[in-house]
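Below is one structure; the comments refer to it alone.
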Amino acid sequence: MTATTPTTVPTATADPTVLHAPVIDWFDKNARDLPWRRPDANAWGVMVSEFMLQQTPVSRVLPVYEEWLKRWPRPADLAAEAPGEAVRAWGRLGYPRRALRLHNAAAAIAERHGGDVPTDHHQLLALPGVGEYTAAAVASFAYGQRHAVLDTNVRRVFARAVTGTEFPPNATTAAERKLARMLLPEEPRTAARWAAATMELGALLCTARTPACGRCPIADLCAWRRAGSPAHAGPPRRTQTYAGTDRQVRGKLLAVLREATAPVPRLLLDRVWGDPEQRARALNGLVGDGLVERLPDGRYRLPGAG
DNA sequence: AAATCGTGGTA
DNA sequence: TTACCAAGATT
């Protein structure tokens, strides 16, 4: 009579909770052994990993993460350093403003939260560099709380398994948030497990380019597969250009300053890019962002760092 | 709310 | 080789 009749073939669209057991079971057997998932990882470690993993692959984060926590095992340790040291230690992870924000977040934690990463979702959201995803991730992974964790992996898994499209919308929508909340298991620990499991599924099997449906634990429940794996129909996904942009120039300038052991003369920075106008714009932008400091003598360095 | 912000691996 | 893609946040 209705779609919920017991004889109906289960689909993730009709009853998304059928996904819970197979996905979590798959995660139990296939989860990567990542340092921020180990029992000795604390909330600070989880938070550091989340900052570094914003738009940066796991493989490149791993070595920097280890060094970072060895050097600054607690938020107060980082807060006590010059921000430029954080920028330097960030290395080539990209988007170096994250390093600055992590430093600022550590300072806020030291001042406002007694040195401990806050457990409250709202307090997490108030920290610099912590947005919707990161707040939910820290609350969930570090503290076992029940939050919808919507990253690019989870959004893609839900788009395929439940919605039946190859890719999610360009920007996170209210419908996606609602779906993620509906899918969240009731038990907080199970919800946290589910969050990590769906992310891992998206990262390892349900990938953007060539999903490994043959090994996917929910392939037979997947709405996208059931529809015949139709090609992406929506608006083209935004793609970023890089060559020739201010971003590239900023990267080159910052690379020089990261390697330098003393303040750098302007002439040395001028060599990284031909166009003087774009070069100046990039350098001024870095100074405005607080990533670079201009000394009274006209030389430049990472902020507060020798 | 669309644009901006790095970097390197991969198909 | 070029284009895509990677645990987003901010303005």
Side-chain angles (χ1 to χ4, degrees), chain A residues 27 31-32 34-37 41 45-65 87 90-102 104-105 124-142 147-157 166-174 176 180 192 195-204 206-211 232 235-258 272-273 278 281-282 285-286 288-292:
Chain A
F27 183 61
R32 289 168 293 179
L34 301 172
W36 44 88
R37 285 179 182 165
V46 172
M47 172 171 281
V48 169
S49 78
E50 293 304 340
F51 269 76
M52 292 182 173
L53 288 164
Q54 291 168 3
Q55 301 286 282
T56 302
V58 168
S59 60
R60 284 172 46 207
V61 164
L62 286 171
V64 182
Y65 173 86
V87 175
W90 197 254
R92 308 187 67 80
L93 287 183
Y95 292 146
R97 291 194 286 201
R98 292 181 293 166
L100 227 43
R101 291 175 184 148
L102 183 53
N104 290 338
L124 285 167
L125 256 186
L127 296 172
V130 176
E132 179 183 358
Y133 161 76
T134 302
V138 172
S140 181
F141 303 149
H147 291 282
V149 179
L150 264 188
D151 81 322
T152 186
N153 292 304
V154 177
R155 295 181 60 219
R156 189 174 54 248
V157 168
E166 185 179 15
F167 297 111
N170 277 332
T172 306
T173 63
E176 287 182 277
T198 46
M199 283 179 65
E200 193 77 338
L201 188 65
L204 296 185
C206 195
T207 54
R209 293 191 192 174
T210 53
H232 182 63
R237 294 178 294 158
R238 59 185 277 254
T239 172
Q240 301 199 65
T241 57
Y242 179 64
T245 63
D246 286 5
R247 230 153 72 243
Q248 183 181 19
V249 184
R250 289 166 57 107
K252 287 180 174 295
L253 290 169
L254 211 54
V256 171
L257 294 168
R258 270 199 313 265
V272 309
W273 199 255
Q278 188 176 21
R281 186 169 67 238
L286 287 169
D289 288 343
L291 283 164
V292 170

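Scope of the values below: all heavy atoms of this structure, side chains included, with no hydrogens, waters or symmetry mates.
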If the condition is side-chain contact (heavy atoms from CB on, under 4.5 Å), which residues does [X] pass it with, not counting sequence neighbours?
| X | result |
| --- | --- |
| Gln248(A) | Tyr242(A), Ala243(A), Thr245(A), Lys252(A), Trp273(A) |
| Ala135(A) | His121(A), Leu124(A), Leu125(A), Val130(A) |
| Val157(A) | Leu201(A), Cys206(A) |
| Thr173(A) | Pro169(A), Ala175(A), Glu176(A) |

Length of the [atom1]-[atom2] vector between [X] and [N], whole Å:
| X | N | atom1 | atom2 | answer |
| --- | --- | --- | --- | --- |
| Asn104(A) | dA9(C) | CG | P | 16 Å |
| Leu53(A) | dA7(C) | CG | P | 8 Å |
| Tyr95(A) | dC5(C) | OH | C1' | 11 Å |
| Arg60(A) | dA6(C) | CZ | P | 13 Å |
| Leu102(A) | dA9(C) | CG | P | 13 Å |
| Arg97(A) | dA9(C) | CZ | P | 14 Å |
| His147(A) | dA7(C) | NE2 | C1' | 17 Å |
| Leu100(A) | dA9(C) | CG | P | 17 Å |

Looking across every strand, which nucleic acid part, if any, lies under 4.0 Å from [X] by heavy atom: base, sugar-phosphate, or nothing?
| X | answer |
| --- | --- |
| Arg155(A) | nothing |
| Thr152(A) | sugar-phosphate |
| Trp36(A) | base |
| Arg247(A) | base |
| Leu93(A) | base |
| Phe51(A) | nothing |
| Arg281(A) | nothing |

Worksheet item: So which one's nearest nucleotide on DNA chain C is more toward 5', Arg98(A) or Phe167(A)?
Response: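 On the 5' side of the pair lies Phe167(A).
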Worksheet item: Expressed as a whole number of Å, how far does the P atom of dA7(C) sit from that of dT4(B)?
Response: 24 Å
Fill in: Nearest-angstrom distance, P atom, dG6(B) to dT11(C)
14 Å
Worksheet item: Is there a residue in residues 128-138 of chain A whose heavy atoms reach under 4.0 Å of DNA chain C, and which residues are they?
Response: Pro128(A), Gly129(A), Val130(A), Gly131(A), Glu132(A), Tyr133(A), Thr134(A)
Response to the item:
Nearest-nucleotide check on DNA chain B, Gln55(A) vs Ser59(A); residue mapping nearer the 5' end is Gln55(A)
Item to complete: Kindly indicate whether the side chain of Arg281(A), heavy atoms from C-beta on, has any atom under 4.5 Å from the side chain of Val249(A).
Response: no
Worksheet item: Partners of Phe167(A) by ring-ring contact (aromatic ring centres under 6.0 Å, His included), sequence neighbours excluded?
Response: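 Phe167(A): ring-ring contact (aromatic ring centres under 6.0 Å, His included) contacts with His232(A).
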Discussion item. Just to verify, what does Trp36(A) make a ring-ring contact (aromatic ring centres under 6.0 Å, His included) with, not counting sequence neighbours?
Written reply: Tyr65(A)
Discussion item. Using only atom types and a distance under 3.5 Å, with no angle test, would you say the side chain of Ser140(A) pairs donor to acceptor with the backbone of Ala137(A)?
Written reply: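 Looks like no, no N/O pair under 3.5 Å.
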Worksheet item: Taking the side chain from Arg156(A) and the backbone from Gly202(A), do they hold a donor-acceptor pair closer than 3.5 Å?
Response: yes
Discussion item. Going 5' to 3' along DNA chain B, which are the first and last nucleotides with any atom under 4.0 Å from a heavy atom of chain A?
Written reply: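 Listed 5' to 3', the contact boundaries are dT4(B) to dA11(B).
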Worksheet entry | Those residues that, when tested against Asn104(A), pass side-chain hydrogen bond (donor to acceptor under 3.5 Å, both in side chains) (two or more places apart) | none
